There are 2 protein chains.
Amino acid sequence: VLGIRFESSHRLSLTRQLCAQLRRQIESGQLQEGFRLPPTRKMAAELSISRNVVMESYEQLMAEGYLISRVGAGTFVAGGIKENANRIAVGNEKPVSGQDDVREDVVDFIAGAPDLALFPRKKWGKYLQQAVIDGDPALFDYGDIRGDIELREAIVDYLFRMKGIQCRSEQIIIVSGSAEGFLLLSKALSADFHSLYIEEPTVDFIRDIFKHMNYRLIPVPVDRHGMDVESMDQWELGHLVLVTPSHQFPTGSVLSIQRRQRIIEMAERAGNYIMEDDYDSEFRFKGIPIPPLQTLAPSRVIHVGTFSKTLSPGMRIGYLVIPNQLVETVAAMKEQLHLHTPPILQRALARFIRDGHLDRHIYRMKAIYKQKRAYLVDQLHESFGEELTVHGDEAGMHVQVEFMKCGAMEVPWKDAIHYGVNVHSFGAYSLLPDMHPGKLVFGYGHLRLDEIRLGIQRLKQFMAEHLPTIQDKKHSG
Amino acid sequence: VLGIRFESSHRLSLTRQLCAQLRRQIESGQLQEGFRLPPTRKMAAELSISRNVVMESYEQLMAEGYLISRVGAGTFVAGGIKENANRIAVGNEKPVSGQDDVREDVVDFIAGAPDLALFPRKKWGKYLQQAVIDGDPALFDYGDIRGDIELREAIVDYLFRMKGIQCRSEQIIIVSGSAEGFLLLSKALSADFHSLYIEEPTVDFIRDIFKHMNYRLIPVPVDRHGMDVESMDQWELGHLVLVTPSHQFPTGSVLSIQRRQRIIEMAERAGNYIMEDDYDSEFRFKGIPIPPLQTLAPSRVIHVGTFSKTLSPGMRIGYLVIPNQLVETVAAMKEQLHLHTPPILQRALARFIRDGHLDRHIYRMKAIYKQKRAYLVDQLHESFGEELTVHGDEAGMHVQVEFMKCGAMEVPWKDAIHYGVNVHSFGAYSLLPDMHPGKLVFGYGHLRLDEIRLGIQRLKQFMAEHLPTIQDKKHSG
């Protein structure tokens, strides 16, 4: 009847198969408007299926508008349905172009990647499971828009212990990574702000977020004392500033106290806000962590922190420390954009921190990163001698490397990948072109010592062929 | 010396205490520019602390710009630091206003909240822990911008099984809940689109997201066949449409096949896209799930799904099924906005689905929600008789309730909270004012049967005092 066939091995139920076939016949015009379908009993008998299946299918297709029922007369194909012979899923076919072919063992000196092989996975797995099993059902809901209260309290303690920040849990807003934090701030502050001073060079993704949120970006040069605050001459109302005071990315410099005071003075005078991106101040190898800018002016500085470097980027948890007068504005925008972080993750992290595991992990990783950094710097000097200098404060997971002999020469750094090593020039982090020839940022947190050595050897080969002068100098030296 | 005092019981190290006190003295002007600090050996002896602590502190404060060192002369307070007597954390003080006082046992008929007490927490905890312990270290990194490949493949199978969607894993993009999906789409499509047709009424948060992303919102009325597509007369290029075809929110109607075909025809003609918000089609109590709009036009429809209803909102995982020609655009914007979902959660969910636990949970909850729905409808009819009608397809976790006698009367529904029950009128979901007097949406997924009964009793008390006519009618009836 009606050419309907069932496949018993089909993954779909009989009702779904019947509905699908009837829909197709109606859409293809095989069954026309006004066509009377067989009564359910007859249809069931002819197809050797349960009458319930037929009744269910008819009801379903009535709900969807394919069929109509006339009392006492039966079930008919409805009107107003256009023929659609070609229901093939044309949108489903073309494959997406894949990745480029590159050798698999490339050593990538990308910055900002922690050593994930040493992530305390067993412990973290236990805390996650425990949070799921112990937790109130409310932990499976969206939760407090500002974030889990236990995590906010754990962060208040952590911030005092690690960074010397004194704040209350009401000022903390949990975000799914600092990127979400900046997205949130860009919208929450958009009523009053439309321009952003950023360091030149600076981390690319934050810059992109503000650009997409329609901010005008104004680059401010960076030197070995951090952002050159004085060059922001016209700082009127409506300007935000984004700064990495503890460890400038990618140069690694520290914002001096004189500039810190000056930038706060400027913010206070103009009624503006400073966003302090503190992505890795926990990893300072020399001395103690530098007090965040936030501690100098809690009512003008929004401190943005993350667990991406101290634990793992895949955690997707960061936090904002917000001046009181902004808390409700930011929380309200978070609610309106419906930005929530999984409460179970937050609760597990709260207890992980409370039990001291985060501090222990940071302490352990600090020693490891310090060793990797020393090894990288040794390898660089051994391979390139006086051809390069290493800049940047002794902190974090990256150094700035400057190849002196490059001068204004454009080096095709991206081609190094064909030698099995990926290096990153300042170009990717710059708004202005060609400002930093010969300057590279080397991340090392995620690399083993043997990988660091291999990567530098390969870079040497690359340089030998692309910058013969350097190699010549070495040979003769 | 210099009035420095240590507290041995202090939570901070001696180095940090010494740095903090020296900073404060410099900032307060007690130590002026050019002041020569005691040599480290002398300072250490006078303070009875290790010389290392003093050396570390001096070095730290030099890095921060507070001190300078002159070879052969000693260590001096640097210049250019302004006095800052008032370093009290003024931004840290004012408390944020708390929640309003409401009785704690309020029965809230909020829509869209699943029954989280029945979330399979033991199983989920096991899967999470296993994913953490088994997983590649890469699972702790950001991961593929489109989402974990195992999860995308599990969703491809799930979509075919549950909704009849045929697609490839390359078309799936994982998002942190459908809200993030809409935020992403609003930006990814913003080069070509600036207006959005939305159902009136519709779910509030999606509307808010597009509004904040600077879209012009154009409300389109909804009747019992869903969105009134024909009233979108001028559908030119540059318009998106957001529709809930399987189960309109909040009315519960199903978009008819005639309107489905019409809207697709319009989208194809104008080169526009339709965003299909399929938030709960899995929970259809009568018949089988309705085929998504996506199956009719995979190249024009972006299907947006979520696990917030089937599992839990706190999961923060949703997915987009994207036409091929848009995949790279959307993935590139996701990368630029740096939107990532924790890979560990994704992997755990992939395996949870693959092992059949999601399907089983949905099957189980469907029976439970069906029972709750029937009970709610009974209670409503028992308490209010013919004063109300219940609309909406037999699906999901909410019904539309219309109090007929309200007419054009404004009922202060929010005041019901003082009777211990929270009900939600269509107002919150409407762009246009006063269109739906007397219409409410009742969510019931999260309520126990006794809570439903209590809530309806309280609503009856409220109505008795605010709409005496209804109560009179009941008394005489």
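Computed from a predicted structure; not experimentally measured.
Under the 4.0 Å criterion applied to side-chain N and carboxylate O atoms, A/Glu394 and A/Arg284 are not assigned as salt-bridge partners. B/Asp204 has no carboxylate O lying under 4.0 Å from a charged side-chain N of B/Arg207, or vice versa, which leaves the two without a salt bridge. Between A/Glu170 and A/Arg146 there is no salt bridge, since no side-chain N of the basic residue sits under 4.0 Å from a carboxylate O of the acidic one. With salt bridges taken as basic N to acidic carboxylate O contacts below 4.0 Å, none links B/Glu27 and B/Arg24.
A centroid separation of less than 6.0 Å is found between the aromatic rings of A/His338 and A/Tyr142.
Closest of all the heavy-atom pairs between A/Leu18 and A/Ser57 is CD2-OG, 3.5 Å. Across A/Leu337 and B/Ala179, no two heavy atoms sit closer than the pair O-CB, 4.2 Å.
Using a 4.5 Å cut-off between heavy atoms, A/Met333 touches chain B through its side chain atoms alone. Neither the backbone nor the side chain of A/Leu118 has a heavy atom closer than 4.5 Å to any heavy atom of chain B. Contact annotation for A/Asn214: only side-chain heavy atoms (C-beta onward) come within less than 4.5 Å of a heavy atom of chain B. Only the backbone of A/Thr341 comes within contact range of chain B, with heavy atoms under 4.5 Å apart. Using a 4.5 Å cut-off between heavy atoms, A/Leu183 touches chain B through its side chain atoms alone. Looking at A/Thr15, both its backbone and its side chain come within 4.5 Å of chain B, counting heavy atoms on both sides. With a 4.5 angstrom heavy-atom cutoff, A/Met62 does not touch chain B via any of its atoms. Contacts of A/Gln130 with chain B are absent, with no heavy-atom separation under 4.5 Å from either backbone or side chain. Both the backbone and the side chain of A/Gln336 come within contact range of chain B, with heavy atoms under 4.5 Å apart. In this structure, chain A has a heavy atom under 4.5 Å from the side chain of B/Leu345, while its backbone stays farther away. With a threshold of 4.5 angstrom between heavy atoms, A/Phe119 approaches chain B through side-chain atoms but not through N, CA, C or O.
Options A/Ala78, A/Ser190, A/Gly79, A/Pro114 differ in how many heavy-atom pairs under 4.5 Å they form with chain B, and the most are formed by A/Gly79. Most heavy-atom pairs under 4.5 Å with chain B: of the set A/Pro313, A/Ala331, A/Ser312, this distinction falls to A/Pro313. Residue with the most contacts toward chain B among A/Ile26, A/Ile133, A/Leu339: A/Ile133 (heavy-atom pairs, distance under 4.5 Å). When A/Pro342, A/Ala138, A/Ala297 are compared by the number of non-hydrogen pairs under 4.5 Å with chain B, A/Pro342 comes out ahead. For the set A/Ile206, A/Asp141, A/Leu128, A/Asp115, the entry with the most heavy-atom pairs within less than 4.5 Å of chain B is A/Asp141. Top candidate by heavy-atom pairs under 4.5 Å with chain B, chosen from A/Gly135, A/Ser256, A/Ser253, is A/Gly135.
One finds the CZ atom of A/Arg161 at 13.5 Å from the OG atom of B/Ser13 (value rounded to the nearest 0.5 Å).
A donor-acceptor contact closer than 3.5 angstrom links the side chains of A/Gln60 and A/Glu64.
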